Each structure stands twice: as structure tokens, then as C-alpha cells.
Number of protein chains: 2
Amino acid sequence: MVGYSQSEEDYLETLYVIQLENRVARVKDVAQALDVKMPSVVAAVRSLSEKGLVEQEKYGHIELTKKGEKVGKDVYKRHQLLYAFLHEVLGLEPWVAEEDACRMEHHLSPQTRERISRIVEYIRACKGDEVHFLKRFMYFVNAGEMPAPCLGCTNIKRCR
Amino acid sequence: MVGYSQSEEDYLETLYVIQLENRVARVKDVAQALDVKMPSVVAAVRSLSEKGLVEQEKYGHIELTKKGEKVGKDVYKRHQLLYAFLHEVLGLEPWVAEEDACRMEHHLSPQTRERISRIVEYIRACKGDEVHFLKRFMYFVNAGEMPAPCLGCTNIKRCR
DNA sequence: AACTGAGGTTAGCCTTGACTAACATTGTTA
DNA sequence: TAACAATGTTAGTCAAGGCTAACCTCAGTT
């Protein structure tokens, strides 16, 4: 129960996403999605099936077991969370956020995951409100410079 | 110029930190720091020296070249940045922040790095001020629940 | 029913990066 | 100065995870 390698997580996540889209997973699809050659997929599938994570009948399509689906879904959730954080909070462009999410999704502790999801939640909850801090926070994060001093503030001791 | 592997970055960072502390890097130290055996270090050093990143005379100590020092320093800076973010902003306990920083430091794009450093900078700049948003933001991130409504607010349309 | 081409598989190879066991060097200490 | 303990190195092994080349299956076409 030590967990799965980055490579294994990538395969399981890919299969999960294909399954989410109500498509049937074939070796070629997975190879394209992960930018590897078909024999690599075949080897990975054999290894994963020995661990009870996927099932495949020869020349047939690849299916996640319950266990494999659980892992794949978990990785995918981490990916989504990171993407949301990178794009919505940090304001990174979609493709940068996507790429970074792919690379970082394998390296988050549960604690970090929890904290990041709180930030995303908070920022989302504030969206659309004229919340003072939010505009300034987002301005700084996105523009990289301090917003101009806020003159009308009464409840802020020193307004940067 | 494609970059360096996670393993290579770890070795260079370790050597950089030892160098920072004005210590001399020996095979055994590096092995202990990275929790690997000495022959692994020897192999890594040979490989890195072929790439012009380190130098070592047989049975002597290991030194970073200018090029290697640059890479090691860069990795270390990423590590410090991530640690600061995880600890100071997300409020994670030091050992969790440390562990996550170690794993994530290899997977940050320059863009993400830049954005995260802005957040850290902003949070640091606000420390000690009675800035309205900061307290609420940090409360939420750390406690995981919305702070109580703020009654005295005049410049916030709706205060969650 | 035979053919053909896309997709799947196998065999065999390579690199990375770890390991153990055995051997070599060095520096300290008797 | 000789010996020994600590440190460093070499040789050989292994697993993971890619790859290419060659071969196999199967579905659709003729």
C-alpha cells in the first residue's frame, strides 16, 4: 500500500478520463494521450492488470477495475484542483496551468491538497463580490506589482 | 539544454547546500543527505562530472563547477520558495512543507514560480499590518471554515 | 472466402538510477 | 611505522519504463 508510481498514475488517470467521456479505451488512444508508443502501453497494462487495477481481454479494450477507477479518479481530482488553483487563483494561462498540473499532480500531500482546495473555494466564493481584498490580491498576483494605495479605506491600518 | 532529471537536481541542490554551509562535500555526506548508498553517489558524480557540473579528484571532495552551482542554486531557490509558500501562506507544518517542497521543487514552470513568489511577497508585506483581508484569508486557509461575518465593514459590499 | 491495413503484441534492446559485495585508499592511532 | 577503521570505488545486478522492428489479429472490402 505504498502508492503508485507517476507513470502508473498517469495511465490510470488517462483511462479514467476516457471512461468519463463514455469512450472505450484502446491501446492506441492511451498511447496518443500520453505521447508514448503502443508497446509501452501494452507493457503498462500488463503490469497494472497484475496489480488488479485494469482488465483487458487480448486485442480488446482496456477497463479499469473498481480499485483502478478509485485511483484514477483520485489522480484526476488532484489534477483538477491544481489546474483550478493555477488558472483561477494564480491566473496562469490555461496551457501553462494544464502542463504544470500534469507534472505536479503526483507530488501533493493530502494536507497541501486540502489547503489549496480551501484557497480555490474561498476565491470562488468571493467572485463577483466587491470584496476589497480580493481585487487587490488578484491584482498583485496577476500584475506582479502592488496596487495603488487605497485612499477610502477606514478599516485598514496601512493600505499597501 | 533540455534540463536536468529530478535525481540530478537533487544531487546538485545537496552539493549547493553543503557548499553554502562552508562545508566540504564528501561522498558519505551526500549519501546520507539523499538517503542513498555511497556507490549511487559515486555513479551520479561521474555522470555529473561528464556533463561539466561537478569536479572531483579521486578519493577527494566533490565540488560544483560554476555551471553546476548555478543549477544547484536555482533548485535550492525553488525549494525555499515552495517551502515559504507551503509554510507561511498555506500554514502547513514545517515537516510537511519541507517534504512537499522536496517533491514539488522539480516540477514548477517559471511562470508558476513567479506567481507563487508574488503571493509569498504579498503575504510577507502584509504581516504585522491589520489588513482586513489578510486575517480573513489566513483564517480561512488555516481553519478551513469561513470567518464570521464582519459587521463593521463599510467598504465591502458583502462580507462572507 | 481471401486480402489488406490498422491496430495490438512480442521480443529484444537501452538508459536511468538504485543496490550489494568485494576491493582499494587514506588517515589516524597504537 | 604498521595496522585498522572509515571512507571511496568498482563490478555486477536489478527494476522501471521507455523504444524499434517484426510479427499477429481482426474487421471490412473486394
Side-chain angles (χ1 to χ4, degrees), chain A residues 1-15 18-19 21 23-64 68 71-72 75 99 102-103 105-107, chain B residues 1-15 18-19 21 23-64 68 71-72 75 99 102-103 105-107:
Chain A
M1 302 303 127
V2 276
Y4 302 98
S5 72
Q6 180 163 341
S7 167
E8 286 172 326
E9 287 192 351
D10 281 332
Y11 281 105
L12 294 172
E13 182 188 17
T14 299
L15 290 169
I18 290 174
Q19 201 162 289
E21 293 168 346
R23 295 192 293 124
V24 149
R26 287 154 68 221
V27 171
K28 200 198 177 193
D29 303 324
V30 176
Q32 276 177 350
L34 288 175
D35 194 27
V36 297
K37 305 296 179 183
M38 289 202 293
S40 305
V41 176
V42 173
V45 166
R46 181 167 55 245
S47 164
L48 290 171
S49 85
E50 281 163 7
K51 296 178 183 174
L53 295 160
V54 307
E55 279 170 359
Q56 181 199 26
E57 29 191 88
K58 248 196 171 185
Y59 296 98
H61 47 266
I62 308 160
E63 280 176 14
L64 289 167
V71 178
V75 178
E99 259 189 38
C102 279
R103 291 205 314 276
E105 67 192 6
H106 310 287
H107 307 283
Chain B
M1 303 302 129
V2 278
Y4 302 97
S5 72
Q6 179 162 343
S7 167
E8 286 171 327
E9 287 191 351
D10 281 333
Y11 281 104
L12 294 172
E13 182 188 17
T14 299
L15 291 169
I18 289 175
Q19 202 162 287
E21 294 167 346
R23 294 193 292 123
V24 149
R26 287 154 68 220
V27 172
K28 199 198 177 195
D29 303 324
V30 176
Q32 276 177 348
L34 287 175
D35 195 27
V36 298
K37 305 296 180 183
M38 290 201 293
S40 305
V41 177
V42 173
V45 166
R46 182 166 55 245
S47 164
L48 291 171
S49 85
E50 280 164 7
K51 295 178 184 173
L53 295 160
V54 306
E55 279 171 0
Q56 180 199 26
E57 28 192 87
K58 247 195 171 186
Y59 296 97
H61 46 267
I62 308 159
E63 280 175 15
L64 289 167
V71 179
V75 179
E99 259 188 39
C102 279
R103 291 205 313 278
E105 68 191 4
H106 310 287
H107 307 283

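Numbers restart at 1 for each chain; the letters A, B, ... are given by sequence-line order, proteins then strands. Predicted, not measured: the structure shown is a model, and the values here were computed from it.
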For this session: Please check the phosphate of D/dG18 (OP1 and OP2 only) for any side-chain N or O of A/S7 closer than 4.0 Å.
Result: yes
In whole angstrom, what separates [X]'s [atom1] from [N]'s [atom2]?
X     : N      : atom1 : atom2 : result
A/Y4  : D/dA16 : OH    : C1'   : 17 Å
B/I62 : D/dT7  : CD1   : C1'   : 12 Å
A/L34 : D/dG18 : CG    : P     : 8 Å
B/R26 : D/dA6  : CZ    : P     : 12 Å

At their closest point, which heavy atom of [X] faces which heavy atom of [Y], and how far apart are they?
X     : Y     : value
A/A25 : A/H61 : O-CB, 3.1 Å
B/E8  : B/S47 : OE2-OG, 4.3 Å
B/V71 : B/L12 : CG1-CD1, 3.5 Å
A/V30 : A/I62 : CG2-CD1, 4.4 Å
A/S40 : A/Y11 : O-OH, 3.7 Å

For this session: Kindly compute the distance separating CG (B/L15) from CG (B/L48), expressed to the nearest 0.5 Å.
Result: 7.5 Å
Exercise. Mind checking which nucleotides bracket the chain A contacts on DNA chain C, 5' to 3', with an atom under 4.0 Å from a heavy atom?
Worked result: C/dG7 to C/dT10
Problem set entry | Under 3.5 Å donor-acceptor, A/T14 side chain and A/D10 backbone | yes
For this session: Among the candidates D/dG17, D/dT7, D/dT10, find the nucleotide nearest to the side-chain atoms of B/M38.
Result: D/dT7
Exercise. Considering only side-chain heavy atoms of A/K37, which listed nucleotide, D/dT20, D/dT10, D/dG17, is closest?
Worked result: D/dT20
For this session: Could you walk me through whether A/R103 and B/H106 pass the side chain to side chain contact (heavy atoms under 4.5 Å, CB included) test, one step at a time?
Result: CA-CA 9 Å; A/R103 291 205 314 276; B/H106 310 287; over 6 Å; no
Exercise. Under a 4.0 Å heavy-atom cut-off, which of residues 42-56 of chain A touch DNA chain D?
Worked result: none
